[in-house]
Amino acid sequence: MGAGVPKLRTRQAVLAALTDEMRDDPAVVVFGEDVAVAGGPFKTSEGLLEEFGPLRVRDTPISEMAFMGMAVGAASTGLRPVVEIMFVEFLGVALDQLTTEGAFFHYLSGGRIRVPMTMRASVGAGLGFGLQHSRTLEQWLVGTPGLKVVSPSDPQTAYGLLRAAIRDDNPVAVLEPRALYAERGEVVTGEEGIVPIGTARTVATGTDVTIVTLGQMTGVATRTAAAAAWSADVIDLCTLVPWDRPTVLESVARTGRLVVVEQSPWSGGWGTEIVAAVTAELFGQLSAPPIRITCPDVPVPFNKELEARYLPTPGEVDRQITELLDTGRRPLAWWERTNR
Amino acid sequence: MSTPELTRRAALDGRIARFDRMVEIREFEDRTKDLFGEGLVHGTTHTAQGQEAVAVGLASAILPTDTVTCTYRGHGIALSLGMTPETVLGEIVGRTIGSIGGVGGSMHLCDPEIGLLPTFAIVGAGLPVAAGAAYSAQVRGTDDIAVAVFGDGSTNIGAFHETMNIAAVWNLPLVFLCENNVYGEYSRYNLTTPVDDIAVRATSYNMRSLILDGQDVDVMASSLAAEVAKVRDGVGPVLVEAKTYRYAGHSRADTAPYRPEGEFDQWLERDPIDTFERRLVDEGVLDGGGAEALRAEVAQRIATAVETVFAAPEPGVDSMFTNVWAD
C-alpha cells in the first residue's frame, strides 16, 4: 500500500467503518451498552453520537436480550442496526434473538422480510479479563442457517468486513478480537476497502503446509511462518459462515498438508469443520494428517503467564508443524506431553 | 393496491364484520382442533377459542402499517389482521397454499403486508422485536406504532421485563397487549405469578397500564383505539391487560384436566361471541335470523377453506432450500 494510506488502530478502523456506513445510509443505526455518550467501552463509536444524533446512536440499558431483539425488529422494518455486545459471553443472554429469531425471519416470512442486522462482539483472550470475558465462542454461532459469521484479523479486515456486514441483507455476527483493538495498520477506506463476506485472504504463500486461521491467531500464524524453516500458505478465513472452501481446498491440494491454528477449545472448535471438509475432499492427496493447533479444554486462566500459555503461541505452532513435517504424524499438543 | 388481506382488514370498521370475524376464528379453531384430532395434520397446534374479542378488538384499533408480534397461539390474531383462512390453515396443514408455503407450520404465521411479523414459538421473544419495530418508526420519523401481543406466562420471562424497561426509557410507540388467558402452558397463572393483575407490573417501569374486559369486543376495540391514538401521539408505551380465557388446553393433546371444576363454565357464560351477538340483536343491529345466517355462512366459508387446503399440493423438496439466505 502506497503513500496516503492512513494507519489506524483496529478500534479506529471499526469506528471508520461505522462512520462511513452511517454517512452513506440513514437507515444505519448503532445501539448497545455505553456506545453513545461514552463512545463505546473500547472506543469504537467515539464521536458517532455527536455526528449522527441520539436517535441513531443510542445507549441501551444492560439488557442484551432486549436490544438484540430490537435489532431484529428494527432490521425487519427498514433499518440496518448495528448492535454491540461488549464481551461475546454476554451473548448468552441474548442468543435466542440472534440464532432462533433473527436468523430465521427471512425464511419464516417466505422471503418477504430481510433482517440486515449486524451484531458486533469483542472476543478472545490475552488481556487478563478472566474466564467469563475471554472466549471467542464461534461455536455458539456456526451451524445456524441464515446467520453469517465473520472475524477480522487486523485494522483493514476490521474495516472491510464490518462494512460488508452492515450492507449484507442477512444477520451477520462480527467477532472482533479485543486484543487487536490497539494494533495499528494501514487501512484502505471507501469502497476499495470493503472485504467481501465469504472470501478468505491468503496472507503468505509457501509450499510445505497450508495454515488456515482466523482473527487473533492470524498474526501468530503469519509471524511464525515468516520466521520458520518450513514454508506455508497462511490463509486468514475472515468469514466462518460461509467459509471459503475453494481457496482452502486449492491450497491444501498443492501443499498436501493442513494445519488449523485457532483460538478455540480442542473439542468442538470451528477448525473441526475445516479438517472434516478437507479430509473428505482431499483424502488421497494428503501427505500428513490434518491437524488443529488450539487452546486446551480448560477455562481461560487469569494469571498472565498461564493465559499466554493457554493461547497457541508461535513456539507451539512452529514445534507442531516442524514435527508434523518430520514425522508425518499428529504431534501431541503441549498439554498432552508428559513434560509440559 | 388492495389484496384480500387488506380488504378483510378494512372490513373490521363495522361491528357486524367484527362479529363475523369472531365467529370465523371460533369456527376455524374448532375445525383445526378436529383436523388434528382426526389425525389429518401432523405436529401440534395451539388454538385460541375464547380469546376472539382480544384479537378482533386489536385488529380494529390499529392500521396495517403498524407492526404486530404475537405468540404461537396466533391463528386468531392472524385472521383478525386480515390473513385468509386458506393461507392460515394452509400453513397449519403444511401445504403450498400456506402463508409461507408449508415450511413453518401452525406456530409460524406471517404477513408483513398487514404488519404481522413471523409469530413466535419462543415465549416472550416477540416483545423485544416489537420494541425494535417501534424504535424503527421513531428513527424513520413515521407515526407507525408496534404492538406486542403475549400471554400472562410471558410476563415471567426476562424479555418482558427488559423490554418494558427499555420501552419506557426510550419512550417507544409500543403497546404491550397481554392476553391474560389464565394459563401459561399447563399451569394456572396464580401458581407462577405473584400478582393478581399483570397490569401492576407496569408500575415498576413508570409506565401507564390498564385492565380491559377481554371478552367484550366493543370495549377492546374502543379502549385500544384510544390507547393507540395516545401512543401514536408520542406519549410513550402502555401495558394493556386483557382479561380473557383459553377454552382449549395448551396444545392439541392437552385436555386441561388441571382446571378447577366450574371455571370453564363460568367463562362460557361470558362467551365473547354469544355476548356480542345478544348485544347486536338487542340494539337492533342484527336480528336473530341474521345471526344464524351469518354463522351458517361462516361455517361454509371454513368448510370451503378446509377443502381448498386439502386439495392444495404438498410443497416440493426445493422449498426447504428457499429463503434460507437473503440474496
query = Should we say atom CD of A/Gln132 is surrounded by more than 12 heavy atoms from elsewhere, each under 6.0 Å from it?
reply = no
inquiry  = At a 4.5 Å cut-off on heavy atoms, which part of B/Ala159 comes close to chain A: side chain, backbone, both, or neither?
reply    = both
task = State whether the side chain of B/Arg140 and the backbone N or O of A/Leu79 hold a donor-acceptor pair below 3.5 Å, judged by distance alone.
result = no
query = Between B/Ile100 and A/Ser109, which heavy-atom pair has the shortest distance, and what is it?
reply = CG2-C, 3.5 Å
ask   = Does CG in B/Leu63 sit with more than 12 non-hydrogen atoms of other residues, nucleotides or ligands closer than 6.0 Å?
value = yes
inquiry  = Tell me the closest heavy-atom pair linking A/His106 and B/Asn323, and the distance in Å.
reply    = CD2-O, 3.2 Å
query = Is there a side-chain contact (heavy atoms from CB on, under 4.5 Å) between B/Glu113 and A/Arg112 once you walk through the steps?
reply = CA-CA 9 Å; B/Glu113 180 185 50; A/Arg112 296 169 77 186; 3.6 Å; yes
request  = Kindly compute the distance separating CE (A/Met65) from NE2 (B/His161), expressed to the nearest 0.5 Å.
outcome  = 10.5 Å
task = Pick one of side chain, backbone, both or neither for A/Thr60, based on which atoms fall under 4.5 Å of a heavy atom in chain B.
result = both
task = Answer yes or no: is there a side-chain heavy-atom contact under 4.5 Å between A/Ile113 and B/Pro112?
result = yes
query = How long is the span from the CG atom in A/Leu108 to the SG atom in B/Cys110, to the nearest 0.5 Å?
reply = 7.5 Å
message = For B/Pro128 versus A/Gln97, what's the shortest heavy-atom pair and its separation?
response = CG-NE2, 3.6 Å
message = Heavy-atom pairs under 4.5 Å with chain A - which of B/Leu109, B/Leu116, B/Thr119, B/Asp111 has more of them than the others?
response = B/Asp111
key: Greatest number of heavy atom pairs closer than 4.5 Å to chain A - which of B/Ile122, B/Thr69, B/Leu127   = B/Ile122
remark   = Residue from B/Ala134, B/Ala167, B/Ala133, B/Gly158 scoring the most non-hydrogen pairs under 4.5 Å with chain A is B/Ala133
message = Counting only heavy atoms from other residues, nucleotides and ligands, does the tally under 6.0 Å from CG of A/Asp24 exceed 12?
response = yes
note = When the 4.5 angstrom heavy-atom criterion is applied to B/Thr322 and chain A, the contacting part is backbone
message = Which one wins on heavy-atom pair count under 4.5 Å against chain A: B/Val103, B/Val169, B/Asp144, B/Thr67?
response = B/Val103
ask   = Side chains of B/Glu162 and A/Phe67: closer than 4.5 Å at any heavy-atom pair?
value = no
query = Taking the six-membered ring for Trp, are A/Phe31 and B/Trp170 parallel (under 30°), tilted (30 to 60°) or perpendicular (over 60°)?
reply = perpendicular
ask   = Is there a side-chain contact between B/Asp327 and A/Asp169, using heavy atoms and a 4.5 Å cut-off?
value = no
inquiry  = Evaluate A/Arg58 against B/Tyr135 for side-chain contact (heavy atoms from CB on, under 4.5 Å), listing each step before the verdict.
reply    = CA-CA 11 Å; A/Arg58 210 155 178 184; B/Tyr135 166 62; 3.6 Å; yes
inquiry  = Just so I understand: if I count every heavy-atom pair under 4.5 Å between each of B/Ala125, B/Gly104, B/Ala121, B/Gly124 and chain A, which residue has the most?
reply    = B/Ala125
request  = Identify the two heavy atoms, one from A/Pro61 and one from B/Asn165, that lie closest to each other, and give their separation to 0.1 Å.
outcome  = CG-ND2, 3.5 Å
ask   = Is there side-chain contact between B/Ile166 and A/Met70, with heavy atoms separated by less than 4.5 Å?
value = yes
message = I need the B/His108 NE2 to A/Tyr107 OH distance, nearest 0.5 Å.
response = 10.0 Å
request  = Measure distances from B/Leu172 to the heavy atoms of chain A and classify the residue's part below 4.5 Å as side chain, backbone, both or neither.
outcome  = side chain
task = Measure from the ring center of B/Phe120 to the ring center of A/Phe104 and say whether it is less than 6.0 Å.
result = no
